Amino acid sequence: MNVVEPMNVFDIFLERGFVEQTSDERAVREMLDDPVTCYIGFDPTSDSFHCGSLVPIMALAHMQRSGHRVIALVGGGTSMIGDPSGKTEARRMLTVEQIDANAGGLRKQLSHFLDFDGGRALMLNNAQWLRPLNYIEFLRDIGRHFSVNKMLSAETYRARLETGLSFIEFNYMLLQAYDYLHLYRSHGCTLQMGGNDQWGNILAGADLIRRVEGGKAEALTFPLLETATGAKMGKTELGAVWLDPERTSPYDYYQYWINTDDRDVERFLALFTFLPMGEVRRLGSLEGAAMREAKEVLAYEATRLLHGADEADGARDAARALFSGGSPGAGEAVPTGPLDASLLQGEGTPAFILFARAGLARSRGEARRLIEQGGAYINGRRIERFDEPVTGRDVEGGYILLRAGKKKYLRLGPVA
RNA sequence: GGGGAGGUUCCCGAGCGGUCAAAGGGAACAGACUGUAAAUCUGUCGGCAACGCCUUCGGAGGUUCGAAUCCUCCCCUCCCCA
């Protein structure tokens, strides 16, 4: 047992930048002095989370570490409808099978951050209670508590009124409110959290609980993160940064974090690692080139949390080797692609064709431009001519290391 | 149902018979500068072994020596009225 009085998780949230709005700050803090049950809803539109979901995931992890019970709710029922929040267009609908399959993938990823043993954390699917709902009963028991006037004034729906809002989507708020009510009744859940775009829906649920059960339930939302340059969190030129190592390798995941804008480093260390705030502030205050140390810590910790220490070590070692000279023997974590050995026979293959085939350029024309602009390297040596042949002589240690631009590396091989 | 506006290369957005692979901006990419950051500057930004050839301007036809630009039909979007 801790001798020191454990910190209220609400203060941890405040200190680390998790809080955008709360239904009642004092009530929420007081409530969290004792163990509570809370939930966050996740969208099962994919079988993997991406970086954008890390804030809610980390929030659940903090809750659990502070002794609270957490529920990750996948919207198996609601995503068959499509949430209009923050969208300009309706979401596409998914089949029951897709949703169930996706939920499995999400659970696996959550288990890196949460301990599901012995019911300490639960993963529930709202399809369980939404699918059997009876329309007449639902209208009578739940629908009567909602004012259309009030809903239309909600920011969520106002924007959609411009472009068109189907009746199905319009009901999303009721279903999500019903989720909260259901979890309040069945699990004593008294706190729902979510991204700030969910504010209206979460409050609707807390309201419903008060009206129907006379109960008290709270809401807490997280800020919607943008990087300092205004980009959406977790998006790169190459697409989303996924938590699934099959889609975003630990190496690329590490790279995403190490490329964090200086101005975001402290904020991200607080949100995406468990490092003590003293250390976070120290790293965040580093100046100039020393900032790289902070980014390395951020990248390493973020990668370790998700993929484990071994993968994080590999990603860090590969990055260090590559970015300090680019030797081909940079380790197993370097992105590697297969090489058709016949390409190296005889005259070999012109470099621009090799780069295009390797996927480092979208077309041969692009590969050609890349080389002509001086952005292409083989084993650390800049390629001079676009059609410079690449042959067996370029194999070093069984591999050929290609580099496009400053940061994109691809190792081809092994060559027998 | 009636009337109006429009659909252009990743996005916004010019072009309205040849000089259009299509202005300008954004995004993106490369180079320089750096710290795998930001900002700035320069270049690139449909495909092709490439001073040329090929395929693009919602779709299908047509007029013309020649069409993103004109005509016909169709599809879609938005606005106003009902």
Side-chain angles (χ1 to χ4, degrees), chain A residues 88-90 159-166 226-233 235-241 249-269 283-300 302-303 312 315-327 330-331 333-335 343 347-378 380-390 401-410:
Chain A
T88 47
E89 280 175 31
R160 288 304 306 278
L161 246 34
E162 305 286 321
T163 54
L165 175 66
S166 79
E226 279 190 351
T227 66
T229 47
K232 232 179 171 179
M233 210 35 217
K235 292 278 181 191
T236 69
E237 318 73 55
L238 302 160
V241 177
S249 69
Y251 173 83
D252 287 328
Y253 192 75
Y254 182 93
Q255 285 297 314
Y256 175 74
W257 292 106
I258 207 153
N259 280 305
T260 298
D261 190 294
D262 283 13
R263 293 165 288 179
D264 292 325
V265 172
E266 185 167 331
R267 197 160 55 113
F268 287 1
L269 279 166
L283 289 166
S285 65
L286 292 175
E287 302 273 342
M291 185 53 95
R292 265 175 47 230
E293 181 197 336
K295 292 184 185 180
E296 200 170 73
V297 172
L298 171 63
Y300 183 83
T303 308
R316 189 227 268 135
D317 293 346
R320 281 180 177 168
L322 250 24
F323 287 90
S324 64
S327 66
V334 177
L343 292 173
E347 300 290 298
T349 301
F352 76 108
I353 292 177
L354 193 67
F355 271 74
R357 282 180 72 117
L360 287 171
R362 259 180 293 244
S363 66
R364 291 180 176 187
E366 196 172 284
R368 200 172 149 145
R369 276 196 299 277
L370 177 74
I371 296 170
E372 283 168 351
Q373 290 179 138
Y377 296 77
I378 288 179
R381 180 180 56 81
R382 178 179 270 180
I383 302 170
E384 301 297 337
R385 290 195 346 269
F386 79 92
D387 57 352
E388 190 174 305
V390 180
L401 184 69
L402 303 183
R403 174 182 150 199
K406 260 180 286 207
K407 301 173 192 170
K408 271 177 295 183
Y409 286 91
L410 184 65

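Below, read A as the first sequence line, B as the second, and so on, with proteins coming before strands; counting in each chain starts at 1. Just so it is clear, the model here is predicted, and its values are computed rather than measured.
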Q: Using the closest heavy atom to pick a nucleotide of RNA chain B for each, name whichever of A/A376 or A/E366 lands nearer the 5' end.
A: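 Final value for this comparison: A/A376.
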Q: For A/T229 and for A/E287, find the nucleotide of RNA chain B with the closest heavy atom, then tell me which residue's nucleotide is more 5'.
A: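 Nearest nucleotide further toward 5': that of A/E287.
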Using a heavy-atom cut-off of 4.0 Å across all strands, would you classify [X] as base, sugar-phosphate, or nothing?
| X | value |
| --- | --- |
| A/R382 | sugar-phosphate |
| A/Q255 | base |
| A/G365 | base |
| A/G374 | sugar-phosphate |
| A/L370 | sugar-phosphate |

Q | Ring centre gap for A/F323 and A/Y409 strictly below 6.0 Å | A |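 Ring-ring flag for A/F323/A/Y409: true, centres closer than 6.0 Å.
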Starting at atom [atom1] of [X], determine the distance to atom [atom2] of [N], rounded to an integer number of angstrom.
| X | N | atom1 | atom2 | value |
| --- | --- | --- | --- | --- |
| A/Y253 | B/U36 | OH | C1' | 18 Å |
| A/I371 | B/C48 | CD1 | C1' | 15 Å |
| A/W257 | B/G35 | CH2 | P | 25 Å |
| A/D387 | B/A50 | CG | P | 10 Å |
| A/D264 | B/A37 | CG | P | 14 Å |
| A/R316 | B/U36 | CZ | P | 17 Å |
| A/R385 | B/A50 | CZ | C1' | 16 Å |
| A/K408 | B/C29 | NZ | P | 7 Å |

Rounded distance in Å between the [atom1] positions of [N] and [M]:
| N | M | atom1 | answer |
| --- | --- | --- | --- |
| B/A39 | B/G46 | C1' | 31 Å |
| B/C70 | B/U63 | C1' | 8 Å |
| B/G25 | B/C33 | C1' | 25 Å |
| B/C54 | B/G66 | P | 16 Å |
| B/G26 | B/C74 | P | 41 Å |
| B/C80 | B/C71 | C1' | 28 Å |
| B/G58 | B/C78 | C1' | 15 Å |
| B/G15 | B/G24 | C1' | 11 Å |

Q) Would A/L322 and A/K407 count as a side-chain contact (heavy atoms from CB on, under 4.5 Å) if you check the C-alpha gap in whole Å, the side-chain angles of each, and the deciding distance to 0.1 Å? A) CA-CA 9 Å; A/L322 250 24; A/K407 301 173 192 170; over 6 Å; no
Side-chain N or O of [X] versus OP1/OP2 of [N]: is the shortest distance under 4.0 Å?
| X | N | answer |
| --- | --- | --- |
| A/R364 | B/A49 | yes |
| A/T260 | B/A37 | no |
| A/S363 | B/C48 | yes |
| A/K406 | B/A32 | no |

Counterpart base for [N], defined by Watson-Crick or G-U wobble contacts under 3.5 Å:
| N | result |
| --- | --- |
| B/U36 | none |
| B/A30 | B/U42 |
| B/U19 | none |
| B/G6 | B/C76 |
| B/C53 | B/G47 |

How about [X] and [Y]: do any of their side-chain heavy atoms sit closer than 4.5 Å?
| X | Y | result |
| --- | --- | --- |
| A/T227 | A/D261 | no |
| A/L283 | A/E266 | no |
| A/I378 | A/L401 | no |
| A/D252 | A/V241 | no |

Kindly point out which of [options] is positioned nearest to the side chain of [X]?
| X | options | value |
| --- | --- | --- |
| A/F386 | B/A37, B/A39, B/A49 | B/A49 |
| A/Y254 | B/A30, B/U36, B/A37 | B/U36 |
| A/A289 | B/U36, B/G35, B/A38 | B/G35 |
| A/R263 | B/U36, B/A38, B/G35 | B/A38 |

Q) Of the residues in residues 290-298 of chain A, which ones touch RNA chain B at a heavy-atom distance under 4.0 Å? A)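 By residue number: A/M291, A/R292, A/K295.
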Q | Ionic contact status for A/R368 with A/D387, cut-off 4.0 Å | A |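 Answer for the salt bridge query: no.
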Q. Does A/F352 have any ring pair (Phe, Tyr, Trp, His ring centres under 6.0 Å) partners at least two apart in sequence or in another chain, and if so, which?
A.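 For A/F352, the residues satisfying ring pair (Phe, Tyr, Trp, His ring centres under 6.0 Å) (neighbours in sequence not counted) are A/F386.
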Q. Going from CG on A/L298 to OH on A/Y256, what distance comes out if it is rounded to the nearest 0.5 angstrom?
A.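 One finds 10.0 Å between CG of A/L298 and OH of A/Y256.
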Q | Inter-residue atom distance A/M291.CE - A/R263.CZ, 0.5 Å rounding | A |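 A/M291 atom CE to A/R263 atom CZ measures 11.0 Å (nearest 0.5 Å).
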Q: Verify side-chain contact (heavy atoms from CB on, under 4.5 Å) between A/R403 and A/F355, making sure each step is shown before the conclusion.
A: CA-CA 9 Å; A/R403 174 182 150 199; A/F355 271 74; over 6 Å; no
**Q.** Any donor-acceptor pair under 3.5 Å from A/T349 side chain to A/L354 backbone
**A.**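 Side chain of A/T349 to backbone of A/L354: no pair is present.
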Q: Give a yes or no answer on whether the side chain of A/R382 reaches the backbone of A/G374 with a donor-acceptor pair at less than 3.5 Å.
A: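 Yes.
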Set out, line by line, the N/O atom pairs under 3.5 Å between protein and nucleotides 42-45 of chain B.
residue: B/G43; atom: N2; partner: A/Q373; partner atom: OE1; Å: 3.2
residue: B/U44; atom: O4'; partner: A/Q373; partner atom: OE1; Å: 3.2
residue: B/U44; atom: O2'; partner: A/R369; partner atom: NE; Å: 3.1

